[in-house]
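These notes are about the structure you will find just below.
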Amino acid sequence: MQVKFLSLIILITFTLKCIGQNSVTKPEELVKTGVYYYPEQWDKSQWDRDFKNMKSLGFEFTHFAEFAWAMLEPEEGKFDFSWLDEAVLLAKKNGLKVIMCTPTAAPPVWLTQKYPEVLLVKDDGIRAKHGGREHFSWSSKKYGELSEKIISEMAKHYGNDSTIVGWQIDNEPSHYGTVDYGEEVLKHFQLWLQNKYSSIDSLNFAWGTTFWSQRYTSFAQMILPNVKTNVQQVNPHALLDFQRFNAFECSKFVSFQAKILKKYIDSSQWVTTNFMDFHSKVDPWLNDKDLDFLAYTMYPVGGGFNNMGGVGEQSFRVGVPNKIAFANDFFRYKKKFTAVMELQPGQVNWGLYNPQTYPGIIRAWLWSAYVGGSKLICSYRYRQPLYGGEQYHYGMVGTDGVTPNVGGREYGQFMKEIQQLRTQYKPNNKIPQEYLQRKTAILWNWDNYRVTEIQPQTNQWNPSKVIYKFHRILKELNCPVDFISEDMDFASYPTIIAPMYQLVDDKLIEKLTLYVKNGGHLVLTARSGEKDRNGHLWEMPYGKKIETLTGDKLLFFDALPEDKLGTISMNKKTYSWNNWADVLEPLARTESFATYNDQFYKSKSAATLTKIGKGTVSYIGVDTDNGAFEKECLFQMYNKIGIRVNKLADGLMLDWRDGFWVAVNYSTNHQIKVDLPKTAKIIFGKKLLNPAEVIVWE
Ligand code: GAL
């Protein structure tokens with residue numbers, strides 16, 4: 001009761017500055033749709049026809065030149081934009097705007113042969129060869145010079161053209177996970193370390209180099225940590241720094257390009273890049289200041305890669321329900337809106353297997369992208385390629401170049417619907433209070449991902465799964481979610497969850513404590529606070545560092561074999577686990593709400609809640625595969641603090657944007673009846689949703 005009362009105060013105290021109202025001011029800004037086109041891959045005589053058909057399908061812009069360097073600069077220093085000019089003019093004639101791209105993802109052969117040092121070196125010491133893409137080094141000075149030339153020329157040429165709405169830098173900057181071990185990287189790494197540590201003694205301390213005689217006496221001795229060339233174990237602290245450095249090096253390349261563009265282009269043209277939706281080797285947030293917004297690429301059905309955990313037997317055609325919501329919430333970050341630069345058009349070619357998409361799901365994905373705050377949605381790609389590495393990858397139209405396939409048809413429907421939605425748009429919409437009070441932030445720092453991946457401690461630890469799981473649970477409880485970083489204002493959020501937050505320091509602990517004292521509700525999960533920012537364990541008993549926050553003594557943790565399940569009891573129900581268990585002993589002020597049911601620590605606590613000042617801290621000490629336990633813990637927590645959450649039907653995603661509610665049935669095995677308020681005015685769809693169906697109402 002008392003806690004319920006507290007939450008009332010919190011609702012008043014918390015300002016909820018976030019998406020409290022419309023994110024746009026004009027109906028035409030609701031979302032714009034476009035599609036990739038590679039003029040250089042098609043006969044010129046077809047361009048006009050293609051743009052005309054693109055426009056009549058409903059697209060508002062197209063996207064050029066991301067892999068066209070060889071055609072734009074056929075010889076060093078000789079630029080040829082004439083063909084691209086023609087394409088831009090034809091696009092304009094057909095009423096399409098254009099996103100222009102810097103072509104650095106795929107250098108021409110004259111470049112890589114004249115300057116082979118620009119190519120990255122793989123972890124086995126082999127230098128990449130010409131061909132393919134993303135095989136250049138972010139650290140290469142020469143590549144920087146050559147990139148600067150082509151980018152400047154393009155920016156000068158197109159920077160004041162009103163057909164160009166914005167720019168994409170490179171393509172999916174990431175090297176697709178390949179780590180560069182080239183000579184220039186080494187130099188940059190040494191410099192990065194020197195800037196970070198100033199003295200070699202500080203580095204020796206941070207890396208714990210007295211362990212196994214790894215001590216260095218100068219920065220010039222530092223090598224690039226490489227699992228491939230070590231016999232047994234690379235120093236984990238060195239690996240952590242190397243991963244931080246790699247993310248920084250990537251962000252530097254993006255930032256470098258953004259600066260060149262901004263020097264020449266008109267301020268009405270925006271600049272972004274198309275980050276992969278969740279990639280542990282890069283950190284898109286590092287570019288938040290350089291880019292006008294952060295955009296992502298999205299392929300929910302890449303057979304065998306990213307569709308584990310969907311709902312129903314046919315879910316391999318649909319994907320995981322929260323996949324797009326996760327990317328929206330992650331990429332909005334401080335800008336409060338995002339963009340989808342590529343969205344799967346249907347069947348692809350690169351999965352372990354490549355199924356057809358579930359009828360209707362592409363349109364549903366588009367609605368999910370819209371409702372999560374996308375400023376624009378661009379599809380990959382208009383025409384299906386007839387040659388090259390992506391044969392069999394659908395486009396909006398099929399191999400004949402004119403007949404819309406499933407993607408074209410479903411996009412077409414969505415784009416018509418968006419036109420209609422714009423006519424229904426009303427200014428000054430306020431987000432419903434009942435929904436807003438559930439707003440939950442996920443506190444995120446890649447370091448926690450990195451350290452737990454470097455030292456998983458059990459082969460069942462999977463940091464991607466952990467973070468996706470908590471996000472999914474929040475969406476299943478119909479909470480609006482923002483991903484936030486440590487430097488942001490916590491006070492805007494009634495609830496913050498910090499999954500697997502292993503690395504902490506006094507400053508963060510103080511900030512969190514203040515947040516809770518002032519009425520915030522914090523959720524910490526298994527593996528929290530174990531280490532300092534260097535990744536060292538604290539010189540004190542386990543759990544002690546955050547004991548005043550958690551209100552628990554952490555006795556030890558446990559992990560079980562894959563084929564053994566431990567059980568936990570909560571509210572007379574039993575849950576199973578085998579990934580991770582923090583075994584807790586609550587202090588006097590702390591309430592235990594779940595206990596281990598077996599093992600030698602039977603009846604010890606698995607989850608707790610403690611009050612501090614006006615707020616609470618919940619600790620969920622267990623990591624499970626199916627998330628059922630964690631979901632119930634969060635449900636209990638919201639109940640205890642008096643925030644009403646809804647358990648949505650399995651597979652339902654439900655969100656609000658700019659006055660419109662959008663519900664999507666991501667299950668493939670059941671219908672879902674959506675509860676609408678009496679005042680709801682349905683714009684599209686009906687209350688009873690079949691799999692992959694959408695309902696939109698205001
Ligand atoms: C993306 C990439 C595109 C294209 C697409 C195919 O990851 O950015 O260039 O390769 O995959 O699905």
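No experiment lies behind these values; they were computed from the predicted model shown. Every number for a ligand or one of its atoms is a count from 1 in the order of the listing.
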Of Phe326, Tyr333, Phe470, Phe278, which meets ring-ring contact (aromatic ring centres under 6.0 Å, His included) against Phe483?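 Per the ring-ring contact (aromatic ring centres under 6.0 Å, His included) rule, the option paired with Phe483 is Phe326, out of Phe326, Tyr333, Phe470, Phe278.
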Partner of Trp367 by ring-ring contact (aromatic ring centres under 6.0 Å, His included), out of Tyr411, Tyr666, Phe414: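 Testing each of Tyr411, Tyr666, Phe414 against Trp367, the sole residue satisfying ring-ring contact (aromatic ring centres under 6.0 Å, His included) is Phe414.
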What's the verdict on salt bridge (charged side-chain N to carboxylate O under 4.0 Å, His left out) for Lys475 and Asp655, showing C-alpha distance, side-chain angles and the deciding distance? CA-CA 9 Å; Lys475 297 314 292 174; Asp655 284 291; 2.8 Å; yes
Residues forming a ring pair (Phe, Tyr, Trp, His ring centres under 6.0 Å) with Phe275, sequence neighbours excluded: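 Residues passing ring pair (Phe, Tyr, Trp, His ring centres under 6.0 Å) with Phe275: none at all.
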Identify all pairs of nitrogen or oxygen atoms, one from ligand 1 and one from the protein, separated by less than 3.5 Å, and list them with distances.
| from | atom 1 | to | atom 2 | distance (Å) |
| --- | --- | --- | --- | --- |
| ligand 1 | 7 (O) | Glu172 | OE1 | 2.6 |
| ligand 1 | 7 (O) | Glu172 | OE2 | 2.7 |
| ligand 1 | 8 (O) | Asn171 | OD1 | 3.1 |
| ligand 1 | 8 (O) | Asn171 | ND2 | 3.4 |
| ligand 1 | 8 (O) | Glu172 | OE1 | 2.9 |
| ligand 1 | 8 (O) | Glu172 | OE2 | 3.4 |
| ligand 1 | 8 (O) | Glu342 | OE1 | 3.2 |
| ligand 1 | 8 (O) | Glu342 | OE2 | 2.7 |
| ligand 1 | 9 (O) | Arg133 | NH1 | 2.7 |
| ligand 1 | 10 (O) | Arg133 | NH1 | 3.3 |
| ligand 1 | 10 (O) | Arg133 | NH2 | 2.8 |
| ligand 1 | 10 (O) | Glu390 | OE1 | 3.4 |
| ligand 1 | 10 (O) | Glu390 | OE2 | 2.3 |
| ligand 1 | 12 (O) | Trp350 | NE1 | 2.7 |
| ligand 1 | 12 (O) | His393 | NE2 | 2.6 |

Run the numbers on Phe248 and Trp446 for ring-ring contact (aromatic ring centres under 6.0 Å, His included), then give the verdict. CA-CA 12 Å; Phe248 168 74; Trp446 278 104; over 10 Å; no
May I ask you to check whether Tyr37 and Asp50 show a side-chain donor-acceptor distance below 3.5 Å?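 Note: Tyr37 and Asp50 side chains meet the donor-acceptor criterion.
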